[in-house]
Amino acid sequence: MTLAGAGLVALAARPAQAGLLDKYRWKRRLLLVFAPVKPHPKLVVQRQRLKDAAAGLKEREVTVIEVVQDSVFVDGKLAIELNAKNLRKEFDTTIVEFNVVLIGKDGGEKLRRDEAVQVEEVFKTIDAMPMRQQEMRQRGQKT
């Protein structure tokens with residue numbers, strides 16, 4: 001099985017386009033969830049996984065952004081300042097695709113899946129990042 005077949009895409013640390021998500025850069029990690037419709041089965045699974053891992057997301061300073069149909073939600077609240085079409089274009093996904101994209105504090109894309117992602121995989125990816133390692137050392141956590 002290829003990595004692409006497993007839902008992974010080889011990634012360079014491609015920075016997000018200037019403007020759309022700049023207010024989060026260097027402050028928050030972003031987990032973007034793209035779904036074509038609200039009752040999409042993968043979206044339902046992803047939401048439950050994220051809900052169950054809320055404490056870990058908070059500790060790792062992750063903001064969840066859902067792009068569903070023509071709407072964008074930031075941590076569950078409608079975000080009229082963000083445009084769904086522009087975010088899909090920036091992150092190279094179409095309105096009929098399901099994708100989960102992890103963006104680091106530096107604005108670089110760190111992980112992309114076309115299935116509901118296991119939160120442990122997101123945490124493992126984040127915890128391996130140099131900035132996260134530094135945060136854990138500063139908080140006296142085991143790295």
Side-chain angles (χ1 to χ4, degrees), residues 1-136 138-139 141 143:
M1 177 185 291
T2 66
L3 288 178
L8 295 172
V9 177
L11 302 172
R14 177 179 65 87
Q17 266 181 317
L20 291 179
L21 301 173
D22 272 357
K23 72 179 185 177
Y24 298 103
R25 189 170 290 175
W26 304 116
K27 298 174 188 155
R28 304 287 298 175
R29 294 174 182 94
L30 304 175
L31 190 67
L32 291 103
V33 181
F34 295 91
V37 293
K38 200 169 194 168
H40 194 281
K42 292 177 184 179
L43 179 60
V44 172
V45 170
Q46 191 66 73
R47 282 179 174 164
Q48 187 60 52
R49 288 177 181 172
L50 295 173
K51 180 180 176 187
D52 292 345
L57 292 167
K58 182 177 181 182
E59 176 189 330
R60 289 167 179 84
E61 300 176 335
V62 175
T63 295
V64 176
I65 299 176
E66 287 184 3
V67 182
V68 183
Q69 293 172 318
D70 294 329
S71 299
V72 180
F73 301 87
V74 176
D75 287 334
K77 296 181 175 91
L78 185 63
I80 58 173
E81 72 278 7
L82 293 174
N83 181 284
K85 183 178 178 182
N86 290 343
L87 286 170
R88 279 193 188 88
K89 182 177 179 182
E90 179 174 345
F91 292 99
D92 195 28
T93 187
T94 69
I95 196 162
V96 297
E97 292 177 299
F98 180 89
N99 279 294
V100 178
V101 181
L102 175 64
I103 305 296
K105 286 185 175 181
D106 64 357
E109 187 172 317
K110 308 301 182 185
L111 176 74
R112 180 181 289 254
R113 296 290 303 259
D114 60 4
E115 298 288 331
V117 69
Q118 294 289 343
V119 179
E120 294 80 17
E121 182 180 4
V122 172
F123 290 170
K124 184 177 176 181
T125 302
I126 292 171
D127 290 347
M129 295 176 187
M131 191 175 292
R132 171 68 176 148
Q133 293 282 312
Q134 180 182 7
E135 292 166 0
M136 289 190 295
Q138 288 173 344
R139 295 175 186 156
Q141 296 172 323
T143 58

| task | Could you tell me which non-hydrogen atom of Tyr24 sits nearest to which non-hydrogen atom of Thr63, and how far apart they are? | result |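 The pair with the smallest heavy-atom distance is CE2-CG2, 4.2 Å.
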Exercise for the section: Determine the minimum heavy-atom distance between Glu97 and Pro36, stating which atoms define it. Expected result: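 In this case the closest contact between Glu97 and Pro36 is O-CD, 3.6 Å.
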Do Glu90 and Asn86 meet the criterion of a side-chain donor-acceptor pair at a distance under 3.5 Å?
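Side chains of Glu90 and Asn86: no pair found under 3.5 Å.
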query = Quick one: salt bridge (Lys or Arg N to Asp or Glu O under 4.0 Å) partners of Asp127, sequence neighbours excluded?
reply =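 Asp127 satisfies salt bridge (Lys or Arg N to Asp or Glu O under 4.0 Å) with Arg60, Arg132 only.
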Who are the salt bridge (Lys or Arg N to Asp or Glu O under 4.0 Å) partners of Arg47, not counting sequence neighbours?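 Salt bridge (Lys or Arg N to Asp or Glu O under 4.0 Å) check on Arg47 returns Glu66.
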More than 12 heavy atoms of other residues, nucleotides or ligands under 6.0 Å from CG of Asp70: yes or no?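 No, the 6.0 Å shell around CG holds no more than 12 heavy atoms from other groups.
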Using a cut-off of 6.0 Å, state whether more than 12 heavy atoms not belonging to Ile80 lie near its atom CD1.
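Atom CD1 in Ile80 is not packed in, count stays at 12 or less.
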### Task
Would you mind listing every ring-ring contact (aromatic ring centres under 6.0 Å, His included) that reaches into residues 46-82, with sequence neighbours excluded?
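Matches after skipping sequence neighbours: none remain.
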Validation row: [X], [Y] side chains within 4.5 angstrom (heavy atoms):
X      : Y      : answer
Phe34  : Ile95  : no
Val119 : Leu50  : yes
Lys124 : Glu120 : no
Val67  : Arg88  : yes
Gln46  : Val117 : yes
Ile103 : Phe91  : yes
Gln48  : Val45  : no

Worksheet item: Taking only residues two or more places apart in sequence, or in another chain, which ones meet Gln69 in a side chain to side chain contact (heavy atoms under 4.5 Å, CB included)?
Response: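 Testing Gln69 for side chain to side chain contact (heavy atoms under 4.5 Å, CB included), a comparison that skips the adjacent residues, returns Val37.
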Can you pull the salt bridge (Lys or Arg N to Asp or Glu O under 4.0 Å) pairs that have at least one residue in residues 27-36, sequence neighbours excluded?
->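 Listed by first then second residue: Arg29-Glu135.
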* Qualifying residue for side chain to side chain donor-acceptor pair (under 3.5 Å) with Asn99, from Asp92, Thr93, Thr94 ->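 Testing each of Asp92, Thr93, Thr94 against Asn99, the sole residue satisfying side chain to side chain donor-acceptor pair (under 3.5 Å) is Thr93.
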Contacts of type ring-ring contact (aromatic ring centres under 6.0 Å, His included), residue Phe98, not counting sequence neighbours =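 ring-ring contact (aromatic ring centres under 6.0 Å, His included) check on Phe98 returns His40.
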Of Glu121, Met129, Arg112, the residue whose pairing with Leu102 passes side chain to side chain contact (heavy atoms under 4.5 Å, CB included):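 The single option meeting the side chain to side chain contact (heavy atoms under 4.5 Å, CB included) with Leu102 is Met129.
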